[in-house]
Structure formats: structure tokens, C-alpha cells
Amino acid sequence: MGIQFAPLNIPLARRLQTLASLLWVVIFVVIAQACIGIFVILVIYNYWFLYIPYLTWMSFDWYTPEKGGRRLDWVRNMIVWRYLKEYFPIHLIKTQDLDPSHNYIFGFHPHGVLVAGAFGNFCNNHSSFKELFPGFTMYLHTLSYWFSFPFFREFMLSLGTVSASKRSLSHILSKEGGRNISTIVIGGAKESLYAHPGNFTLYLLHRKGFAKVALTHGAHLVPVFSFGENDVFKQVSNPKGSWLRTVQDKLQSIMGFALPLFYGRGIFQYNFGFVPYRTPIHTIVGRPIPVQQTENPSQEQIDELHRTYLEELGKLFEEHKGKYGVPEHETLTFK
């Protein structure tokens with residue numbers, strides 16, 4: 001099959017959307033790692049007047065990702081995020097109002113390769129979040145290692161992301177007055193290795209920490225499913241038992257993050273590249289599960305809430321899958 005080139009007469013807005021989506025990939029795949037390289041160069045060439053003040057700053061600021069972060073509206077308002085949202089496009093759909101007197105945990109599924117739905121809906125001011133959930137403050141919890149990258153950590157904090165540590169969750173969910181939402185991509189990096197188009201496998205059976213945190217703080221649980229998340233990229237085949245999956249699982253267990261070998265389309269052609277596919281993403285926010293605060297929940301209570309959550313997530317998927325092109329016979333698979 002020959003190369004399928006993009007037409008020359010594509011409107012400027014669509015070209016800007018494509019560039020925004022490429023920039024998004026470059027930020028997390030290239031720039032994050034490049035920041036480490038830049039810092040190493042500063043040390044090697046002894047630019048002490050740059051790296052010593054920054055290290056001093058980091059030492060004082062180290063726990064900010066666990067204390068609510070430091071979002072900057074001018075970064076969240078950048079027009080590039082609007083073009084990114086319009087590229088796929090990304091939609092946020094609410095099924096039920098939230099009681100503002102409570103704090104909530106949103107369980108986001110699936111992880112996908114780069115969590116496009118969570119980023120597009122919760123990490124900028126161009127989504128419909130504020131209109132759908134007025135008065136609420138959203139915190140997207142992500143792997144703590146992102147905040148150990150020199151310079152890049154400042155960018156992550158400016159977007160409003162915070163650490164996925166227990167301490168970070170407790171800080172937000174213990175705030176009095178309600179109106180706080182902690183979003184957790186529960187399947188984590190391990191789930192990204194299942195992120196193939198048309199696959200609905202969630203790494204969730206042994207992830208019960210979120211249920212314990214919800215009980216401890218009395219935070220209501222809300223299942224969130226993002227249709228189209230796994231269709232944004234294609235991934236090199238890595239079935240369980242293959243040499244590639246064995247290596248990926250080993251690296252994930254050592255480093256704490258996964259390395260899916262993904263690909264998409266190009267800028268000027270549609271056959272291969274690292275631009276995500278222009279696939280609509282519909283992020284559905286489900287019904288809240290009321291949680292009674294229990295300071296020292298038993299394992300039985302944690303297991304019961306976990307089972308209830310799985311049931312509600314399954315119902316959410318079944319209720320909405322037909323609207324977004326998922327065949328009737330497809331169901332969620334929990335690992």
C-alpha cells in the first residue's frame with residue numbers, strides 16, 4: 001500500500017490542531033527527558049550560578065506536588081490546549097450533578113497511551129469542566145516521578161497536576177467545605193500496555209488503594225470512562241508471554257512507568273508517525289457512589305466498596321457504549 005499524503009488545501013485551523021497534537025506528544029516523550037539532559041549539561045560545564053539556585057529552589061519546593069500543587073492560569077489558558085482539544089475532538093459529558101458539600105474521587109479509565117482525555121478535560125481551561133461542574137476544583141494526580149524532572153516539574157505543576165501519592169490525595173480530600181475532585185487514572189502505567197484500538201481491558205482487580213482512601217476521607221467515588229482513549233494511537237503487538245511484553249513488564253516494575261511502543265500518523269501523511277489519530281474522545285462522568293467516612297476501614301469494607309465501584313463502572317460502560325461505536329458484544333475485562 002502506498003503512502004497516503006494529506007491534502008494541500010487543509011484549512012489553517014486544522015493544521016494548527018495537528019501541530020498542537022504533535023507538540024503534546026513531544027512535550028511528554030522528548031522534552032521531559034531533554035530537561036534532564038539540559039540539567040546534566042549545566043552541571044558538567046559548571047554553570048553553578050544556574051543549577052545551584054535551582055537545586056536550592058527544588059529543595060524548598062519539593063513537597064508542593066503533595067500539597068495541592070501550583071497551577072498557573074496563563075499556562076492553562078494557552079491557545080495550544082484549545083487546538084489540542086479540537087483536534088480529536090475531546091468532549092466531557094456529565095450524567096449527574098454533584099453535591100458541592102462533598103469531596104470526590106474520579107476514577108479515570110482507560111489509561112490509554114498518554115491519557116489524552118484526562119489531559120484535555122482536566123489540565124487546561126479550554127474544556128467544559130467549569131461549566132459542567134461550577135465551583136469545583138479539579139486535581140489530576142499523576143506519577144510522582146514527573147515532579148523529579150528538573151524544570152519539567154514546573155510545567156507539570158502549572159497545569160494543575162499533583163502527585164498520585166497517598167499524602168497528596170489525603171491533602172486534597174481532607175479539605176473542609178467540599179468542592180474538591182481528585183482524578184486518579186487507577187489502572188496506571190501498567191494499563192497503558194493494554195492500550196490497543198478496540199481493547200477494553202482495565203488493570204483494576206488488584207487496585208484497591210483508592211477505595212481505602214475514599215473510605216478514610218468519606219470522599220464519594222465517581223467512575224469515569226473515556227470512549228476513544230485507546231484509539232488515539234496504535235501500539236506494537238505485545239500479547240502476554242511475548243518477549244516484548246516480558247521486557248515491558250520488567251521495566252515497568254523497576255522504573256514505575258511503562259514504555260508502550262506506540263505510533264500514529266505523520267504531519268503530511270497518514271501512514272506512520274507520532275501524531276495521534278484524529279479520533280473523537282468522549283469522557284463520560286458517571287453517577288457518584290456515596291461513601292461513609294470510616295477512619296480505619298476493614299479489608300471487608302474496602303473489598304465491598306471496590307466491588308460496588310466495578311459494578312458501577314461496568315454499568316456506565318454498558319449504558320453508553322452504543323452511542324460511541326462500541327459493538328454490543330464488547331464488555332469490560334478486568335485484570
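In this chain, numbering begins with 1 at the start of the sequence shown.
A cation-pi arrangement is present between Lys190 and Tyr203 under the rule of less than 6.0 angstrom and at most 45 degrees off the ring axis. For the pair Lys335 and Tyr194, the cation-pi test (distance below 6.0 Å, angle within 45°) is failed.
Other residues, nucleotides and ligands contribute at most 12 non-hydrogen atoms within 6.0 Å of the CD atom of Glu304. For Glu295, the CD atom sits in a loose shell: 12 or fewer heavy atoms of surrounding residues, nucleotides or ligands are nearer than 6.0 Å. Within 6.0 Å of the OH atom in Tyr47, the count of heavy atoms belonging to other residues, nucleotides or ligands does not exceed 12. Atom NZ of Lys234 sits in a sparse spot, with 12 or fewer heavy atoms from other residues, nucleotides or ligands closer than 6.0 Å. Counting heavy atoms of neighbouring residues, nucleotides and ligands inside a 6.0 Å radius, atom CZ of Phe268 does not exceed 12 of them.
Using a 4.5 Å cut-off between side-chain heavy atoms of Ile, Leu, Val, Met, Phe, Trp and Tyr, Ile79 falls into a hydrophobic cluster with Leu12, Leu16, Tyr83. Under a 4.5 Å side-chain heavy-atom cut-off, the cluster of Ile, Leu, Val, Met, Phe, Trp and Tyr residues that includes Tyr139 is completed by Val162, Ile172.
The aromatic rings of Tyr51 and Phe39 sit perpendicular, their planes meeting at an angle over 60°, well past the 30° parallel limit. Ring planes of Phe151 and Tyr54: tilted class, angle from 30 to 60°.
With sequence neighbours excluded, the residues that form a side-chain contact (heavy atoms from CB on, under 4.5 Å) with Lys67 are Tyr63, Arg167, His171.
Comment: Lys315 engages Glu312 in a salt bridge, judged by a side-chain N to carboxylate O separation of less than 4.0 angstrom. We find that Arg245 and Asp249 are joined by a salt bridge, their nearest charged nitrogen and carboxylate oxygen being less than 4.0 Å apart. Look at Glu311 and Arg307 and you find no salt bridge, because none of the NZ, NE, NH1 or NH2 atoms lies under 4.0 Å from a carboxylate O.
When every heavy atom of Leu173 is checked against every heavy atom of Asn103, the shortest pair comes out as O-ND2, 3.1 Å.
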Evaluate the side-chain hydrogen bond (donor to acceptor under 3.5 Å, both in side chains) criterion for residues Ser163 and Ser144: first the C-alpha distance (whole Å), next the side-chain angles of each, then the deciding distance (0.1 Å), finally the verdict.
-> CA-CA 5 Å; Ser163 169; Ser144 299; 2.7 Å; yes
Between His196 and Asn238, is a side-chain hydrogen bond (donor to acceptor under 3.5 Å, both in side chains) present by the stated rule, with each step listed?
-> CA-CA 10 Å; His196 295 272; Asn238 61 342; 2.7 Å; yes
Using the salt bridge (charged side-chain N to carboxylate O under 4.0 Å, His left out) rule, take Glu154 and Arg70 through it: C-alpha gap first, then chi angles, then the decisive distance, then the call.
-> CA-CA 9 Å; Glu154 317 307 331; Arg70 182 176 55 248; 2.9 Å; yes
Passes side-chain hydrogen bond (donor to acceptor under 3.5 Å, both in side chains), Asn230 versus Asn199? Steps please.
-> CA-CA 7 Å; Asn230 283 348; Asn199 189 11; 5.9 Å; no
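With hydrogens and angles left out, the side-chain atoms of Asn121 and Thr283 include a donor and acceptor closer than 3.5 Å. Ser182 and His141 are linked by a side-chain donor-acceptor pair at a separation below 3.5 angstrom, with hydrogens and angles left out of the test. Side-chain atoms of Asn124 and Arg76 form no donor-acceptor pair, as typed in the model, at a separation below 3.5 Å. Under the 3.5 Å distance criterion, with hydrogens and angles disregarded, no donor-acceptor pair is assigned to the side chains of His282 and Ser226.
In this structure, the separation between CG on Asp303 and NZ on Lys212 is 12.0 Å, given to the nearest 0.5 Å. Rounded to the nearest 0.5 Å, atoms OG1 (Thr56) and CG (Asp61) are 12.0 Å apart.
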